[in-house]
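Both ligands and their constituent atoms are indexed starting at 1 by order of listing. Residue numbers count from 1 along this sequence.
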Amino acid sequence: MRALIRQPAFLALQQLKQQEQGTSLAQRFADDPARFEQFSLGFGDHMRVDLSRQHWSAEVRAQLCRLASDMSLRQGIDALFGDNAFNHTEGRAALHTALRMPPKAKAMHRGENVVPKVHAELARIQDFCRRVHGGIWHGYTGRPISDVVNIGIGGSDLGPAMVAEALAPCRDKGIRTHFVSNMDGAQLGSVLAGLDPATALFVISSKTFTTDETMTNARAARSWLMTACGGEEHIARHFVAVSVNAEAVTAFGIDEANMFRFWDWVGGRFSLWSAIGLPIALAVGFERFQQLLAGAHAMDEHLRQAPFEQNIPVLLALLSIWNINVLGLQSEGVFPYHHHLKRFPAFLQQLNMESNGKGVNNAGQPVDHATGPVVWGEVGTNGQHAFFQLLHQGSVMVPAEFIGFARSAYPYPEHQRKLLANMLAQAQAMAFGKAREQVESELAAEGLSAEAVAELAPYKVMPGNRPSTVILCDELTPYNLGALIAMYEHKTFVQGWLWNINSFDQWGVELGKKLAARLIDDLDHGVTLGHDSATNGLLAQIKLWSVS
Ligand code: F6P
């Protein structure tokens with residue numbers, strides 16, 4: 001397949017760049033009163049995605065969709081639901097869509113339909129939830145479980161942590177959840193300090209069951225529990241595992257009967273739908289976990305069936321290609337206007353940046369165009385009082401994605417109205433800004449002299465013309481959240497397909513792990529001076545300070 005930047009449709013898009021940049025967003029809306037209808041899309045009755053405030057026209061959209069067709073995206077999408085070899089550098093498929101298929105569906109992997117085993121594992125999770133919630137599974141003193149501590153990192157942490165927080169209003173099972181990921185013992189220490197060992201359940205979540213942070217935290221948690229309960233025989237009541245690696249799980253001391261499985265065709269950052277979601281099901285109940293899966297499956301079907309011109313994840317990905325590869329905007333801000341989505345930007349960072357932060361294409365050649373953007377964000381309205389200044393008047397243009405919900409689970413209608421008004425206002429201000437004439441007349445109306453007006457006006461002008469997308473849902477339900485996450489998964493996949501990179505490996509994180517292993521030895525056994533001079537100098541300083 002010809003590379004993205006040599007595709008005829010891409011060359012046509014480059015030709016359109018100047019023309020498109022010459023038309024402001026204000027002009028586009030003035031020219032076309034139906035722009036919102038033309039460029040916003042519905043997903044069922046629950047979600048509307050407004051792409052009208054992007055620097056694009058129907059012509060650009062048509063060329064982007066042609067680009068997707070010419071690059072066989074339909075074939076790629078079909079393969080995402082079957083026996084693909086997307087993760088060829090690790091010899092694995094990427095089949096996370098099978099995790100949310102209904103029981104009668106089929107997803108083939110190496111000649112086997114994997115859907116029955118997905119549902120068999122779901123049934124085990126359901127049964128486990130029933131026992132924990134009913135107090136049948138209890139701690140070593142006979143008291144029911146009150147706190148679940150997930151120990152995992154990356155995909156074995158961010159997904160369940162983000163969802164458990166997002167669905168906080170649904171946590172009605174009497175279970176508190178905690179997430180320990182960091183190698184910094186401060187995190188484990190502060191969680192343990194608030195726990196009663198008799199009612200704590202540790203879920204050790206690791207696909208490989210070898211990740212150093214997770215195993216270090218898991219061993220420390222086990223010692224803490226042993227000290228409290230005084231006998232190894234009690235460990236089984238307080239530790240379960242989620243992994244693909246049964247051997248390592250049993251070597252750690254967790255019985256296979258207390259291990260929940262997933263499979264190597266599930267990438268870590270795509271795994272929250274599997275047993276990695278166990279803490280979610282424990283926190284909000286298995287039925288709500290099923291609704292999360294149902295929402296994701298509905299988005300899968302939308303991806304599969306909707307024509308590209310009406311396909312939400314495809315258009316989000318195509319727009320990002322337009323912004324990144326044609327307009328040169330290499331950062332994406334994501335701003336959920338929902339406090340319980342505070343971990344959503346961090347989740348998206350792993351999803352997109354670990355997937356698409358690649359510099360080599362599927363043929364092993366260096367890519368000759370930009371790939372994954374820098375993804376970052378914060379909840380609204382907090383971000384407004386921190387870095388939104390740069391979004392409005394800074395020299396860098398950052399396309400923004402605003403995520404809002406019409407209804408709130410909390411009884412504060414005034415807050416909710418103001419929250420939504422703020423979100424809408426930010427998208428408006430970014431797009432339409434404030435012209436110098438308006439600034440001048442406002443300052444004059446305040447009684448400022450002509451001289452003072454001339455002096456102050458340039459600082460108050462808002463250039464506007466900054467692109468944004470608004471994703472509006474009726475409410476943050478498990479179903480909508482599932483659909484939203486799957487939408488971003490598919491956006492990531494489509495980007496990777498068009499960039500012709502492997503979105504499912506992450507070799508870039510390996511070198512740091514290896515170097516850290518050697519440095520741990522150095523710190524354990526005293527400093528060896530075999531490193532670069534900066535590392536040697538810092539090791540010597542650490543040694544000096546750690547003994548004083
Ligand atoms: O180091 C990166 C990574 O491999 C992620 O891709 C993964 O989600 C995370 O580490 C945790 O891995 P595991 O689930 O095997 O502990």
Side-chain angles (χ1 to χ4, degrees), residues 86-96 99 121 149-164 179-184 187-188 202-222 239-252 254 259-280 343-359 371-372 375 485 488-489 492-493 496 501-517 519-520:
F86 286 152
N87 190 358
H88 57 92
T89 61
E90 294 183 310
R92 290 178 192 158
L95 206 43
H96 45 280
L99 299 170
E121 207 57 24
V149 185
N150 187 78
I151 296 185
I153 195 166
S156 301
D157 165 69
L158 285 163
M162 180 273 286
V163 174
F179 291 84
V180 174
S181 55
N182 207 331
M183 188 57 100
D184 188 346
Q187 192 184 19
L188 179 71
F202 293 89
V203 179
I204 313 302
S205 295
S206 174
K207 182 174 170 181
T208 55
F209 230 73
T210 57
T211 304
D212 201 15
E213 288 90 339
T214 301
M215 300 325 297
T216 304
N217 279 319
R219 283 190 295 269
R222 191 177 52 187
F239 278 78
V240 298
V242 181
S243 187
V244 304
N245 187 350
E247 213 177 300
V249 167
T250 34
F252 179 83
I254 296 177
M259 169 187 167
F260 297 89
R261 284 173 195 78
F262 63 118
W263 304 274
D264 75 353
W265 41 264
V266 182
R269 51 196 174 271
F270 299 88
S271 65
L272 72 88
W273 323 100
S274 70
I276 288 289
L278 179 64
I280 304 171
R343 299 292 284 146
F344 200 66
F347 169 79
L348 277 192
Q349 281 175 326
Q350 189 200 15
L351 177 61
N352 200 285
M353 293 168 81
E354 194 166 71
S355 297
N356 288 340
K358 308 287 164 64
T371 58
V375 178
I485 300 167
Y488 277 105
E489 285 184 352
T492 301
F493 163 73
I501 55 177
N502 180 354
S503 298
F504 300 100
D505 65 8
Q506 58 284 316
W507 295 108
V509 296
E510 291 305 317
L511 176 61
K513 288 187 195 171
K514 297 241 158 60
L515 294 176
L519 286 159
I520 292 165

For this session: Could you label the plane-to-plane angle of the Phe86 and Phe504 rings as parallel, tilted or perpendicular, counting under 30° as parallel and over 60° as perpendicular?
Result: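 Parallel, since the angle between the ring planes stays under 30°.
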
For this session: Could you go through the side chain to side chain donor-acceptor pair (under 3.5 Å) check for Trp263 and Glu121 one step at a time?
Result: CA-CA 11 Å; Trp263 304 274; Glu121 207 57 24; over 6 Å; no

Exercise. Quick one: does Tyr488's side chain get under 4.5 Å of Phe347's, heavy atoms only?
Worked result: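 Tyr488 vs Phe347: side chains apart.
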
For this session: May I ask you to test the Ile276-Phe262 pair for a side-chain heavy-atom distance under 4.5 Å?
Result: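 Side-chain contact under 4.5 Å: yes.
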
Problem set entry | Test applied, side-chain hydrogen bond (donor to acceptor under 3.5 Å, both in side chains); reference residue, Ser503; option that passes from Asn356, Thr371, Asn352 |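 Result for side-chain hydrogen bond (donor to acceptor under 3.5 Å, both in side chains) with Ser503: Asn356.
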
Exercise. Given the rule in the side chain to side chain donor-acceptor pair (under 3.5 Å) test, do Thr208 and Thr211 qualify, once you have shown the distances and angles that lead to the verdict?
Worked result: CA-CA 7 Å; Thr208 55; Thr211 304; 3.3 Å; yes

Exercise. Ligand 1: which residues have a non-hydrogen atom closer than 4.0 Å?
Worked result: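 Contacts of ligand 1 under 4.0 Å: Ile153, Gly154, Gly155, Ser156, Ser206, Lys207, Thr208, Thr211, Gly268, Arg269, Gln350, Glu354, Gln506, Val509, Lys513.
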
